[in-house]
There are 2 protein chains.
Amino acid sequence: MAARIVRVGTVIAVTPEPDGGALDRLFGALADPTRRLLLQRLVQHGPQSATRLAEGGTLSRQGVTKHIQALEIAGLVCSRRVGREVQYRATTAQLASAVTWMLDAGSGWDRRLDRLRRDVAG
Amino acid sequence: MAARIVRVGTVIAVTPEPDGGALDRLFGALADPTRRLLLQRLVQHGPQSATRLAEGGTLSRQGVTKHIQALEIAGLVCSRRVGREVQYRATTAQLASAVTWMLDAGSGWDRRLDRLRRDVAG
DNA sequence: TCCTAGTGCAACTGAATGGTTGCACCTGAA
DNA sequence: TTCAGGTGCAACCATTCAGTTGCACTAGGA
(Lines give C-alpha, C1' and ligand atoms only; values in the text may rest on other atoms or scores of the structure.)
Protein backbone atom coordinates (compact mmCIF):
# COMPACT_ATOMS: atom_id res chain seq x y z
CA MET A 1 0.00 0.00 0.00
CA ALA A 2 1.74 3.15 -1.22
CA ALA A 3 1.54 6.57 0.37
CA ARG A 4 -0.92 8.95 -1.20
CA ILE A 5 -2.12 12.53 -0.90
CA VAL A 6 -5.72 12.72 0.26
CA ARG A 7 -8.00 15.63 0.93
CA VAL A 8 -10.54 15.24 3.73
CA GLY A 9 -12.46 18.18 5.05
CA THR A 10 -10.22 21.23 5.03
CA VAL A 11 -7.14 19.11 5.53
CA ILE A 12 -4.48 17.76 3.22
CA ALA A 13 -3.31 14.48 4.67
CA VAL A 14 -0.60 12.05 3.62
CA THR A 15 -1.81 8.51 4.03
CA PRO A 16 -1.29 5.70 4.96
CA GLU A 17 1.41 5.12 7.54
CA PRO A 18 2.23 8.85 7.70
CA ASP A 19 5.26 7.94 9.75
CA GLY A 20 4.29 4.56 11.10
CA GLY A 21 4.06 5.65 14.68
CA ALA A 22 1.45 8.25 13.88
CA LEU A 23 -1.26 5.64 13.40
CA ASP A 24 -0.08 3.86 16.55
CA ARG A 25 -0.57 7.01 18.59
CA LEU A 26 -3.81 7.86 16.82
CA PHE A 27 -5.57 4.53 17.28
CA GLY A 28 -3.95 4.10 20.68
CA ALA A 29 -5.42 7.41 21.79
CA LEU A 30 -8.87 6.41 20.57
CA ALA A 31 -8.64 2.97 22.22
CA ASP A 32 -9.30 4.38 25.68
CA PRO A 33 -12.91 5.15 26.68
CA THR A 34 -11.82 7.98 28.98
CA ARG A 35 -9.97 9.65 26.13
CA ARG A 36 -12.90 9.24 23.77
CA LEU A 37 -15.14 10.81 26.40
CA LEU A 38 -12.77 13.74 26.92
CA LEU A 39 -12.56 14.24 23.17
CA GLN A 40 -16.33 14.27 22.85
CA ARG A 41 -16.65 16.74 25.69
CA LEU A 42 -14.20 19.05 23.93
CA VAL A 43 -16.19 18.70 20.72
CA GLN A 44 -19.55 19.33 22.33
CA HIS A 45 -18.69 22.00 24.91
CA GLY A 46 -15.79 23.76 23.25
CA PRO A 47 -12.23 24.42 24.49
CA GLN A 48 -11.60 23.71 28.18
CA SER A 49 -8.68 23.46 30.59
CA ALA A 50 -7.53 20.22 32.17
CA THR A 51 -8.66 21.44 35.57
CA ARG A 52 -12.15 22.14 34.22
CA LEU A 53 -12.29 18.72 32.56
CA ALA A 54 -11.25 17.04 35.79
CA GLU A 55 -13.78 18.68 38.13
CA GLY A 56 -16.97 16.71 38.53
CA GLY A 57 -15.32 13.55 37.32
CA THR A 58 -13.66 10.71 39.20
CA LEU A 59 -10.24 11.29 37.68
CA SER A 60 -7.53 13.49 39.17
CA ARG A 61 -6.28 16.52 37.29
CA GLN A 62 -2.99 14.81 36.52
CA GLY A 63 -4.86 11.81 35.21
CA VAL A 64 -6.83 14.03 32.87
CA THR A 65 -3.66 15.85 31.83
CA LYS A 66 -1.95 12.59 30.89
CA HIS A 67 -4.90 11.54 28.75
CA ILE A 68 -5.10 14.95 27.11
CA GLN A 69 -1.42 14.84 26.29
CA ALA A 70 -1.92 11.46 24.65
CA LEU A 71 -4.67 13.02 22.56
CA GLU A 72 -2.44 15.99 21.77
CA ILE A 73 0.50 13.81 20.68
CA ALA A 74 -1.92 11.87 18.51
CA GLY A 75 -2.96 15.12 16.86
CA LEU A 76 -6.54 14.94 18.06
CA VAL A 77 -6.44 18.06 20.22
CA CYS A 78 -4.28 21.19 20.30
CA SER A 79 -3.50 23.51 23.21
CA ARG A 80 -3.42 27.26 23.66
CA ARG A 81 -2.35 29.31 26.67
CA VAL A 82 -4.98 31.77 27.87
CA GLY A 83 -3.85 33.79 30.87
CA ARG A 84 -2.73 31.27 33.46
CA GLU A 85 -4.69 28.39 32.10
CA VAL A 86 -4.15 26.11 29.10
CA GLN A 87 -7.17 25.47 26.93
CA TYR A 88 -7.49 22.34 24.84
CA ARG A 89 -9.47 22.17 21.63
CA ALA A 90 -10.43 19.23 19.42
CA THR A 91 -8.96 18.92 15.93
CA THR A 92 -10.21 16.93 12.95
CA ALA A 93 -6.97 16.58 11.01
CA GLN A 94 -5.74 13.24 12.32
CA LEU A 95 -9.27 11.91 12.71
CA ALA A 96 -9.62 12.28 8.97
CA SER A 97 -6.28 10.54 8.53
CA ALA A 98 -7.50 7.55 10.52
CA VAL A 99 -10.73 7.36 8.56
CA THR A 100 -8.73 7.38 5.36
CA TRP A 101 -6.45 4.57 6.52
CA MET A 102 -9.39 2.38 7.43
CA LEU A 103 -11.17 3.06 4.18
CA ASP A 104 -7.96 2.19 2.34
CA ALA A 105 -7.55 -0.99 4.36
CA GLY A 106 -11.14 -2.01 3.80
CA SER A 107 -11.36 -1.13 0.14
CA GLY A 108 -10.62 -3.93 -2.26
CA TRP A 109 -12.54 -6.44 -0.29
CA ASP A 110 -15.65 -4.38 0.23
CA ARG A 111 -17.01 -2.58 -2.79
CA ARG A 112 -19.05 0.04 -0.95
CA LEU A 113 -16.14 1.00 1.27
CA ASP A 114 -14.11 1.36 -1.90
CA ARG A 115 -16.67 3.68 -3.44
CA LEU A 116 -16.78 5.72 -0.24
CA ARG A 117 -13.00 5.94 -0.25
CA ARG A 118 -13.03 7.45 -3.71
CA ASP A 119 -15.65 9.98 -2.59
CA VAL A 120 -13.46 11.08 0.28
CA ALA A 121 -10.35 11.27 -1.86
CA GLY A 122 -12.12 13.25 -4.56
CA MET B 1 -24.66 10.79 21.31
CA ALA B 2 -27.40 8.23 20.89
CA ALA B 3 -27.07 4.78 19.39
CA ARG B 4 -28.13 4.48 15.77
CA ILE B 5 -28.53 1.92 13.02
CA VAL B 6 -26.08 2.49 10.19
CA ARG B 7 -25.50 0.64 6.97
CA VAL B 8 -21.93 0.53 5.62
CA GLY B 9 -20.93 -1.84 2.88
CA THR B 10 -22.92 -5.03 3.21
CA VAL B 11 -23.16 -4.66 6.94
CA ILE B 12 -25.79 -3.39 9.34
CA ALA B 13 -23.99 -1.94 12.34
CA VAL B 14 -25.21 -0.46 15.59
CA THR B 15 -23.18 2.59 16.46
CA PRO B 16 -21.70 4.30 18.53
CA GLU B 17 -20.49 2.68 21.73
CA PRO B 18 -22.01 -0.67 20.71
CA ASP B 19 -21.16 -1.94 24.17
CA GLY B 20 -18.41 0.42 25.20
CA GLY B 21 -15.68 -2.17 25.24
CA ALA B 22 -16.17 -2.94 21.56
CA LEU B 23 -14.55 0.30 20.48
CA ASP B 24 -11.78 -0.25 23.02
CA ARG B 25 -10.95 -3.59 21.48
CA LEU B 26 -11.38 -2.28 17.97
CA PHE B 27 -9.13 0.77 18.21
CA GLY B 28 -6.78 -1.14 20.49
CA ALA B 29 -6.37 -3.83 17.86
CA LEU B 30 -5.64 -1.23 15.19
CA ALA B 31 -3.16 0.61 17.42
CA ASP B 32 -0.45 -1.99 16.88
CA PRO B 33 1.61 -1.86 13.64
CA THR B 34 2.12 -5.63 13.64
CA ARG B 35 -1.61 -6.21 13.79
CA ARG B 36 -2.27 -3.69 11.03
CA LEU B 37 0.31 -5.47 8.91
CA LEU B 38 -1.25 -8.87 9.57
CA LEU B 39 -4.67 -7.48 8.73
CA GLN B 40 -3.42 -6.04 5.46
CA ARG B 41 -1.75 -9.32 4.55
CA LEU B 42 -5.03 -11.13 5.11
CA VAL B 43 -6.81 -8.57 2.97
CA GLN B 44 -4.30 -8.72 0.13
CA HIS B 45 -3.41 -12.42 0.08
CA GLY B 46 -6.61 -14.02 1.30
CA PRO B 47 -7.24 -16.37 4.23
CA GLN B 48 -4.15 -17.85 5.88
CA SER B 49 -3.22 -19.85 8.97
CA ALA B 50 -1.21 -18.46 11.87
CA THR B 51 1.69 -20.72 10.99
CA ARG B 52 1.75 -19.41 7.43
CA LEU B 53 1.58 -15.81 8.66
CA ALA B 54 4.45 -16.44 11.03
CA GLU B 55 6.91 -18.01 8.58
CA GLY B 56 9.23 -15.55 6.93
CA GLY B 57 8.62 -12.98 9.65
CA THR B 58 10.52 -12.26 12.82
CA LEU B 59 7.64 -13.15 15.10
CA SER B 60 7.02 -16.58 16.60
CA ARG B 61 3.86 -18.50 15.75
CA GLN B 62 2.49 -17.90 19.23
CA GLY B 63 3.21 -14.21 18.87
CA VAL B 64 1.24 -14.12 15.65
CA THR B 65 -1.56 -16.14 17.23
CA LYS B 66 -1.90 -13.65 20.08
CA HIS B 67 -2.16 -10.75 17.67
CA ILE B 68 -4.63 -12.58 15.46
CA GLN B 69 -6.79 -13.36 18.48
CA ALA B 70 -6.79 -9.68 19.39
CA LEU B 71 -7.99 -8.93 15.87
CA GLU B 72 -10.60 -11.67 16.13
CA ILE B 73 -11.95 -10.42 19.47
CA ALA B 74 -12.12 -6.95 17.93
CA GLY B 75 -14.22 -8.36 15.11
CA LEU B 76 -11.68 -7.57 12.40
CA VAL B 77 -10.99 -11.18 11.39
CA CYS B 78 -12.89 -14.45 11.68
CA SER B 79 -11.57 -17.99 11.82
CA ARG B 80 -12.55 -21.26 10.13
CA ARG B 81 -11.17 -24.74 10.64
CA VAL B 82 -9.92 -26.40 7.44
CA GLY B 83 -8.56 -29.87 8.02
CA ARG B 84 -5.96 -29.57 10.73
CA GLU B 85 -5.30 -25.90 10.25
CA VAL B 86 -7.26 -22.77 11.19
CA GLN B 87 -7.61 -20.15 8.50
CA TYR B 88 -8.16 -16.50 9.34
CA ARG B 89 -9.97 -14.08 7.09
CA ALA B 90 -10.43 -10.32 7.29
CA THR B 91 -13.86 -8.83 7.97
CA THR B 92 -15.16 -5.33 7.31
CA ALA B 93 -18.00 -5.26 9.81
CA GLN B 94 -16.26 -3.64 12.77
CA LEU B 95 -14.04 -1.55 10.54
CA ALA B 96 -17.18 0.13 9.28
CA SER B 97 -18.31 0.58 12.88
CA ALA B 98 -15.08 2.40 13.73
CA VAL B 99 -15.36 4.64 10.69
CA THR B 100 -18.88 5.52 11.72
CA TRP B 101 -17.87 6.38 15.26
CA MET B 102 -15.14 8.69 14.05
CA LEU B 103 -17.39 10.40 11.54
CA ASP B 104 -19.95 10.89 14.29
CA ALA B 105 -17.32 12.27 16.64
CA GLY B 106 -15.96 14.60 14.00
CA SER B 107 -19.24 15.81 12.62
CA GLY B 108 -20.61 19.02 14.05
CA TRP B 109 -17.25 20.69 14.08
CA ASP B 110 -16.24 19.86 10.56
CA ARG B 111 -18.85 20.39 7.88
CA ARG B 112 -17.34 18.10 5.27
CA LEU B 113 -17.02 15.23 7.72
CA ASP B 114 -20.64 15.83 8.58
CA ARG B 115 -21.67 15.62 4.96
CA LEU B 116 -19.63 12.43 4.56
CA ARG B 117 -21.28 10.96 7.63
CA ARG B 118 -24.71 11.48 6.08
CA ASP B 119 -23.51 9.81 2.88
CA VAL B 120 -22.40 6.75 4.80
CA ALA B 121 -25.58 6.59 6.83
CA GLY B 122 -27.71 6.91 3.72
C1' DT C 1 3.70 42.82 47.95
C1' DC C 2 1.12 38.54 49.21
C1' DC C 3 -2.17 35.06 48.10
C1' DT C 4 -4.41 31.86 45.14
C1' DA C 5 -5.64 29.28 40.99
C1' DG C 6 -3.59 26.70 37.53
C1' DT C 7 0.04 24.23 35.61
C1' DG C 8 4.27 21.13 35.18
C1' DC C 9 7.49 17.63 36.70
C1' DA C 10 9.01 13.48 39.08
C1' DA C 11 8.46 9.30 41.62
C1' DC C 12 5.88 5.45 42.69
C1' DT C 13 2.48 1.41 42.43
C1' DG C 14 -0.49 -2.02 40.22
C1' DA C 15 -2.24 -3.79 36.06
C1' DA C 16 -2.04 -4.80 31.31
C1' DT C 17 0.59 -6.00 27.21
C1' DG C 18 4.03 -8.05 23.84
C1' DG C 19 6.77 -11.69 23.30
C1' DT C 20 9.01 -15.99 24.33
C1' DT C 21 9.49 -21.09 25.45
C1' DG C 22 7.91 -25.69 26.57
C1' DC C 23 4.72 -29.17 26.30
C1' DA C 24 0.37 -31.56 25.35
C1' DC C 25 -3.24 -32.54 22.04
C1' DC C 26 -5.44 -33.34 17.61
C1' DT C 27 -5.63 -34.54 12.73
C1' DG C 28 -4.24 -36.17 8.27
C1' DA C 29 -1.08 -39.10 5.67
C1' DA C 30 2.01 -43.08 4.99
C1' DT D 1 -0.44 -47.73 13.83
C1' DT D 2 3.03 -44.45 13.60
C1' DC D 3 4.68 -39.98 12.48
C1' DA D 4 4.73 -35.17 11.45
C1' DG D 5 2.44 -30.72 10.84
C1' DG D 6 -0.50 -27.66 13.08
C1' DT D 7 -2.81 -25.91 17.01
C1' DG D 8 -3.82 -24.68 22.03
C1' DC D 9 -2.59 -23.83 26.75
C1' DA D 10 0.24 -22.21 30.56
C1' DA D 11 4.08 -20.09 32.62
C1' DC D 12 7.23 -16.65 32.57
C1' DC D 13 9.83 -12.06 31.73
C1' DA D 14 10.38 -7.25 30.34
C1' DT D 15 8.13 -3.25 29.12
C1' DT D 16 4.53 -0.04 28.95
C1' DC D 17 0.57 2.24 30.80
C1' DA D 18 -3.02 4.26 34.00
C1' DG D 19 -3.44 6.55 37.93
C1' DT D 20 -1.99 8.67 42.17
C1' DT D 21 0.58 11.82 45.27
C1' DG D 22 3.75 15.46 46.44
C1' DC D 23 6.05 19.51 45.44
C1' DA D 24 7.78 23.43 42.79
C1' DC D 25 6.78 27.11 39.59
C1' DT D 26 4.13 30.80 37.22
C1' DA D 27 0.72 34.33 36.47
C1' DG D 28 -3.39 37.36 38.01
C1' DG D 29 -5.78 39.81 41.38
C1' DA D 30 -6.31 42.28 45.96
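Bear in mind that the values here come from a model prediction, so they are computed numbers and not experimental data. Protein chains get the first letters and strands the later ones, always in sequence-line order, with residue 1 at the start of each.
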Nearest heavy atoms of Ala105(B) and Val43(A), plus distance in Å:
O-CG1, 3.8 Å
Rounded distance in Å - CZ (Arg80(B)) to P (dG6(D))
17 Å
Would you mind reporting whether Leu95(A) and Leu30(A) have side-chain heavy atoms less than 4.5 Å apart?
yes
Grab the two heavy atoms, one from Leu26(B) and one from Gln94(B), that are nearest each other, plus how far apart they are.
CD2-O, 3.1 Å
Write down the protein N/O and nucleotide N/O pairs, taken from nucleotides 25-30 of chain D, whose separation is under 3.5 Å; answer none if there are no such pairs.
none

Please produce a list of atom pairs where a protein N or O lies less than 3.5 Å from an N or O of nucleotides 11-17 of chain D.
none

Rounding to an integer number of Å, can you tell me how far Gln87(B) CD sits from dT27(C) C1'?
15 Å
What pairs of donor and acceptor atoms, side-chain ones from residues 67-76 of chain A against any protein atom, are under 3.5 angstrom apart with sequence neighbours left out?
residue: His67(A); atom: ND1; partner: Arg35(A); partner atom: NH1; Å: 3.1
residue: Glu72(A); atom: OE2; partner: Ser79(A); partner atom: OG; Å: 2.7

Just compare dG8(D), dG19(D), dG8(C) and give me whichever is closest to any side-chain atom of Tyr88(B).
dG8(D)
Side-chain N or O of Ser49(B) less than 4.0 angstrom from OP1 or OP2 on dG6(D)?
no
Spacing between Glu72(A) atom CD and dG8(C) atom C1', to the nearest angstrom
13 Å
Please state whether the base of dG19(C) and the side chain of Gln62(B) form at least one donor-acceptor pair under 3.5 Å?
no
Test of understanding: with ring pair (Phe, Tyr, Trp, His ring centres under 6.0 Å), list the residues that count as partners of Phe27(B), not counting sequence neighbours.
Trp101(B)
5' priority, DNA chain D, between Arg61(A) and Arg52(B) [closest heavy atom]:
Arg52(B)
Decide yes or no for Pro33(A) and Leu23(B): does some side-chain heavy atom of the first lie under 4.5 Å from some side-chain heavy atom of the second?
no
Between Asp32(A) and Thr51(B), which residue's closest nucleotide on DNA chain D lies nearer the 5′ terminus?
Thr51(B)
Considering residues at least two apart in sequence or located in another chain, which fulfil the side-chain contact (heavy atoms from CB on, under 4.5 Å) criterion with Arg80(B)?
Val82(B), Gln87(B)
Rounded distance in Å - CD1 (Ile73(B)) to P (dA16(C)):
14 Å
Whether His67(A) contacts dG19(D) is assessed here as follows: a side-chain N or O lying under 4.0 Å from the phosphate OP1 or OP2. Is that the case?
yes
Check every strand shown and say whether Thr58(B) touches a base, only sugar-phosphate, or nothing at a heavy-atom separation below 4.0 Å.
sugar-phosphate
Expected list for residues 47-63 of chain B: side-chain donor-acceptor pairs under 3.5 angstrom, two or more places apart:
residue: Ser49(B); atom: OG; partner: Arg52(B); partner atom: N; Å: 3.2
residue: Ser60(B); atom: OG; partner: Gly63(B); partner atom: N; Å: 3.1

